[in-house]
There are 2 protein chains.
Amino acid sequence: MRARFTTDEIASAALRIVDESGLAALSMRSLAAALGTGPMTMYNYVADKEGLEELVVAAVAAGIVVPEPSDDWAADVHATASAMWRGVRAHPAAIPLVLTRRMASATGFAIADALVGALGRAGLSDAGRLSAFHAVLGLVTGSAQAQLAGPFSGDAAETAARIGSAAGAQYPHIAALSEVATSVSVEDDFDGGLRMLIAGIAAAGSAVS
Amino acid sequence: MRARFTTDEIASAALRIVDESGLAALSMRSLAAALGTGPMTMYNYVADKEGLEELVVAAVAAGIVVPEPSDDWAADVHATASAMWRGVRAHPAAIPLVLTRRMASATGFAIADALVGALGRAGLSDAGRLSAFHAVLGLVTGSAQAQLAGPFSGDAAETAARIGSAAGAQYPHIAALSEVATSVSVEDDFDGGLRMLIAGIAAAGSAVS
DNA sequence: ACCTGAACACCGTTCAAGT
DNA sequence: ACCTGAACACCGTTCAAGT
């Protein structure tokens, strides 16, 4: 028999299952079947299901292109965070894994390092740099997810049904905002929030220095 | 027999299992057993597993106390976001569910409405208000999760092992930042990022008006 | 040594039968 | 009508046996 695989083959087969059939379709058994072997063979490449999921996260991270640093730290933070957001959004079904599993791959470290490096030139204190790093990371992953599962996700009719008719008068601010949500692209929506955060980081850096 | 439960009983029993034994321990069967009945009885209260998970998210949301609005929108955003963060962090094992499942409970809408209401007084455009809302929501949930599963989560030794020895020289910025992470409380860490974002929102609001 | 089938202890859910 | 046991089609993983 001697069927042998590289870790990359395993990882991309797993990501393909998630992309094509959803997160629930990924199992040790379905992956093994997709590779034409028995379930137990997978345990030669991965410690357990958790390890397989980390492989999927690494495969998503591998799709992120780390931008070259410039002499403008704010532009670098923007470019790095945008690259992460695009890379994550390219695999929507994998997002729960990206949010939940530790990102410990080489690309994952590389992009995080680029982000911290850019933030290091913002004139922040050490603690401020850590806060800003967590905030950008949280904003990227959190708003990628919020756009998919937040109160305004799904089509307009669904949103209206959920908020408008069910509790329209009780929650007037949400109801009003839900109409805005139909006319803004998710790219612009994310970009707006990111620019606000970067402006706030810049202000905090100026205050320290 | 006639064993009957309220939805609240189901929800808090489910949340208790998650809190005490972890997310993996929550199943239709374990929940039914905890309530002293058979698995099928649960289907009288919940459509499927997904519905049960939404019940857990609602139970977490119910623990959030929505702050009273003041005449300072920035203070209100800060208070609302902080209340969400504390409420979410009170149930760490449930966070993957909070991130992933739609928050559609009454308290969930109430806190979101309070947040949008406060942001409505920041002088933003409609699109800016939506961006700011998604950004704050993403920051709260995303950084709660990043603190638990990000590159600096776990104890210091574990972090060092993951980054320092494995790839210390390759990723110098992360390695340096990991030492900062040991001396900052998660509360202060989150608060710093939130204040940066609010400052950026304020700046965007001033620019428009 | 590396690989993998059989088996075990789970799981969510359908279906049909109970009251 | 509401409730729930038996059964089905899965799942991750241990164990032991193959090469």
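Every value quoted in this text rests on a predicted model; they were computed, and no experiment measured them. Just so we're on the same page: letters track the sequence lines, and every chain starts at 1.
One atom, CD of B/Glu53, and another, C1' of C/dG12, lie 11 Å apart when rounded to the nearest Å. Counting to the nearest Å, the P atom of D/dT14 and the NZ atom of A/Lys49 are 15 Å from each other. The distance from atom CZ of A/Phe5 to atom C1' of C/dC2 is 14 Å, rounded to the nearest whole Å. We find that CE of A/Met42 is positioned 14 Å from C1' of C/dG5, with the value rounded to whole Å. Between the CE atom of A/Met28 and the P atom of D/dT14 there is a distance of 10 Å, rounded to whole Å. Separating the CG atom of B/Asn44 from the C1' atom of D/dC3 is a distance of 6 Å, rounded to the nearest angstrom. Residue A/Asp48 contributes atom CG, which lies 14 Å from atom C1' of D/dC11 at whole-angstrom precision. Taking atom CZ of A/Arg29 as the reference point, atom C1' of C/dA7 lies 10 Å away to the nearest angstrom.
Checked for salt-bridge contact, A/Glu50 and A/Arg101 meet the test: a charged N lies under 4.0 Å from a carboxylate O. One finds a salt bridge joining B/Arg129 and B/Asp126 here, because a Lys/Arg side-chain nitrogen approaches an Asp/Glu carboxylate oxygen to under 4.0 Å.
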* To do: Taking Watson-Crick and G-U wobble pairs with both distances under 3.5 Å, convert DNA chain D into its dot-bracket string, 5' to 3', dots for unpaired and | for cross-strand pairs.
  => ||.|||||...|||||.||
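No donor-acceptor pair closer than 3.5 Å links the side chain of B/Glu179 to the backbone N or O of B/Ala176. Proximity of a side-chain donor or acceptor of A/Ser143 to a complementary backbone N or O of A/Ala146 within less than 3.5 Å is not detected. Between the side chain of A/Tyr45 and the backbone N or O of A/Phe5, at least one donor-acceptor pair lies under 3.5 Å.
The CG atom of B/Leu130 lies 9.5 Å from the OG1 atom of A/Thr182; values are rounded to the nearest 0.5 Å.
At least one side-chain nitrogen or oxygen of B/Thr37 sits closer than 4.0 Å to the OP1 or OP2 atom of D/dT4. Phosphate proximity of D/dT13 to A/Tyr43: present, with a side-chain N or O under 4.0 Å from OP1 or OP2.
Minimum atom distance to the side chain of A/Thr41 is reached by C/dT4, of the listed D/dG5, D/dT13, C/dT4. In the set D/dG12, D/dT4, C/dC11, the nucleotide with an atom closest to the side chain of B/Met40 is D/dT4. Distance from the side chain of B/Arg4 is smallest to D/dC2 among D/dC2, C/dG12, D/dG12.
A parallel orientation is assigned to the rings of A/Phe190 and A/Trp85, their planes being inclined by less than 30° (bins at 30° and 60°).
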